[in-house]
There are 2 protein chains.
Amino acid sequence: MVIKKYIYLCSMFSLAEENYLKAIYHLEQQAKGEVSTNAIAERMDTKPSSVTDMVQKLAEKKLLSYKRYKGVLLTADGRKTAANVIRKHRLWEVFLVEKLNFHWDEVHEIAEQLEHVHSEELISRLDKFLGSPDFDPHGDPIPDKHGNVKRTEKKLLSELEKKQRGVCVGVRESSSEFLQYLDKKKITIGTKITVLGKEFFDGSMIIQVGRDQFFISKKIGENLYVQTL
Amino acid sequence: MVIKKYIYLCSMFSLAEENYLKAIYHLEQQAKGEVSTNAIAERMDTKPSSVTDMVQKLAEKKLLSYKRYKGVLLTADGRKTAANVIRKHRLWEVFLVEKLNFHWDEVHEIAEQLEHVHSEELISRLDKFLGSPDFDPHGDPIPDKHGNVKRTEKKLLSELEKKQRGVCVGVRESSSEFLQYLDKKKITIGTKITVLGKEFFDGSMIIQVGRDQFFISKKIGENLYVQTL
DNA sequence: AAATATTTTTAGACTTATCTAAATTATCAG
DNA sequence: CTGATAATTTAGATAAGTCTAAAAATATTT
Ligand SMILES: [Mn+2]
Ligand SMILES: [Mn+2]
Ligand SMILES: [Mn+2]
Ligand SMILES: [Mn+2]
């Protein structure tokens, strides 16, 4: 029996290419307009010179548009490819939490690997197996197979005013530390939160979660997404 | 947010290293004794010179013992590492067939990718989720977490004599073509087969499967494992 | 508008994993 | 035992993706 070579190469994009596309996709959403070389380098924890190399390669492949010194923008192709990687990442996260009982702060690293497994059929069946979920365990929307994302109305908890009420629909940061803090405070996706007080000096708040009332810093409020009720 | 680099590198072995270890492990089982450079090259579909390079690297890492011109043998470490990759491959194959309803001839390629996802916890949970299966969809034994394999008594269908009866417990080759042939003939793991006749000239047989009786070539008989009843 | 600082790109080097071609060692037949 | 053949290794090249250091372009200050 002869083993097939180039599992990755015979698929369309390399692991490195997919990771760059994903990073650029996310950066495009945050800061509207061209994405800078340095921004990509920082997000990917690489050097700007490496980014320039890769960006030139991706431009040749028509996945993004690039003019020297002017930053990049994904093309329709590039955006679709990136969204598909993100779709896979988030579906796998759902699998890990719903089926393998991982905790929501443990799944990101593993999904970073699983998202690069190439098989349309696999993802289509995984999606069905999971009941075609719309959101991942952190409340992030799962793009459909065409790369379209249903963007929902949500704001940061820090944007709520005194006496307003919201339901937690997602986290902006999903580090273990932050997610574990939320667990300790019994906050998860779907939890209802009422703002009892807000301090303008430092942006801190007093909130009510279930029967508990407690203080949260500005940083917490700026990393929790809610829908107002 | 900063993305962690080197998901693969911070785990112990590279994709290429794991594939070499796996290939050598399989070759060791077939032909007892040292595994030759050419044999590895053929199985991996690479050139012998590439094999020499990799084998020298793996020897430095104490995963195998190597003497120039004399072939290689896995060390205990090397064997355990290889068995663990095979464990992952086969568990994922079970997942694909049992949970995602893939057909047994569709899962190998996808498992070739999934087997390189690094996370002990993932595999331990996957194993539990699947009910700690002992065999993969092709009847191959799944090594335990220490790399131990329960080797079962099995022989090739071609070794059976006239009037002997056996139950299919595995396939030696698992190409799509062969597996689809077996489906057409309604043979799968667990199917009972009776040898009605055997032709010494060409090794062909007449067998009974359920109510059907039909002719099979030597090649078929040499790729089907059975346990005699 | 010129000087300075920052960002971005280029040039050249390194690592991993691969290849071809040539050299070396082993094996086998006479 | 010796020469031919086969197997294996070495040497040198290549491609992908990264890095450092230096050059070039852009942005910001004064
Ligand atoms: Mn994630
Ligand atoms: Mn997520
Ligand atoms: Mn397989
Ligand atoms: Mn198998």
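Each chain gets a letter, A, B and so on, in the order the sequences are listed, and its residues count up from 1.
Not counting sequence neighbours, the partners of A/Ser176 by the side chain to side chain contact (heavy atoms under 4.5 Å, CB included) test are A/Asp105, A/Gln180. For A/Ser217, the side chain to side chain contact (heavy atoms under 4.5 Å, CB included) test picks out A/Lys219, A/Ile220, with sequence neighbours left out.
Residue contacts for B/Thr37: at a heavy-atom cut-off of 4.0 Å it reaches the sugar-phosphate backbone alone, with no base atom in range.
Nucleotide C/dT10 holds its C1' atom 17 Å from the CE atom of A/Met54, rounded to whole Å. For the pair B/Glu18 CD and C/dT16 P, the interatomic distance rounds to 16 Å; values are reported in whole Å. B/Phe13 places its CZ atom 14 Å from the P atom of C/dT16, with the value rounded to the nearest Å. As a whole-Å value, the separation of A/Lys47 NZ from D/dA21 C1' is 12 Å. If you measure from atom CE of B/Met44 to atom P of C/dT16, you get 17 Å, rounded to the nearest angstrom. Counting to the nearest Å, the P atom of D/dA27 and the CD atom of A/Glu34 are 11 Å from each other. Atom CD1 in A/Ile40 sits roughly 12 Å away from atom P in D/dT18 (whole-Å rounding). Rounded to whole Å, the distance from CG on B/Asp53 to P on D/dT9 is 10 Å.
Side chain A/Ser36 to base C/dT7: no donor-acceptor pair is found below 3.5 Å. Taking 3.5 Å as the limit, the base of C/dT7 and the side chain of A/Tyr69 contain no donor-acceptor pair of atoms between them.
In this structure, the side chains of A/Lys99 and A/Leu130 come closer than 4.5 Å at one or more pairs of heavy atoms.
Of the two residues contacting DNA chain D, namely A/Ala16 and B/Val55, the nearest-nucleotide position lying further toward the 5' end is that of B/Val55. Projected onto DNA chain D by closest heavy-atom contact, A/Lys70 and A/Ser49 fall at different nucleotides, the more 5' of which corresponds to A/Ser49.
Between A/Ser50 and D/dT18 there is no side-chain N or O to OP1 or OP2 distance below 4.0 Å. Of the side-chain N and O atoms in A/Tyr20, none sit less than 4.0 angstrom from OP1 or OP2 of D/dA16. A close approach under 4.0 Å does not occur between any side-chain nitrogen or oxygen of B/Asn38 and OP1 or OP2 of D/dA6.
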List the steps and the verdict of side chain to side chain donor-acceptor pair (under 3.5 Å) for B/His108 and B/His138.
CA-CA 10 Å; B/His108 179 76; B/His138 311 103; over 6 Å; no

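Between C/dC19, D/dT9, C/dT10, one nucleotide has an atom nearer to the side chain of A/Arg68 than all others, and that is C/dT10.
Annotation: cation-pi pair B/Lys150/B/Phe135 absent, no NZ/CZ under 6.0 Å from the ring centroid and within 45° of its normal.
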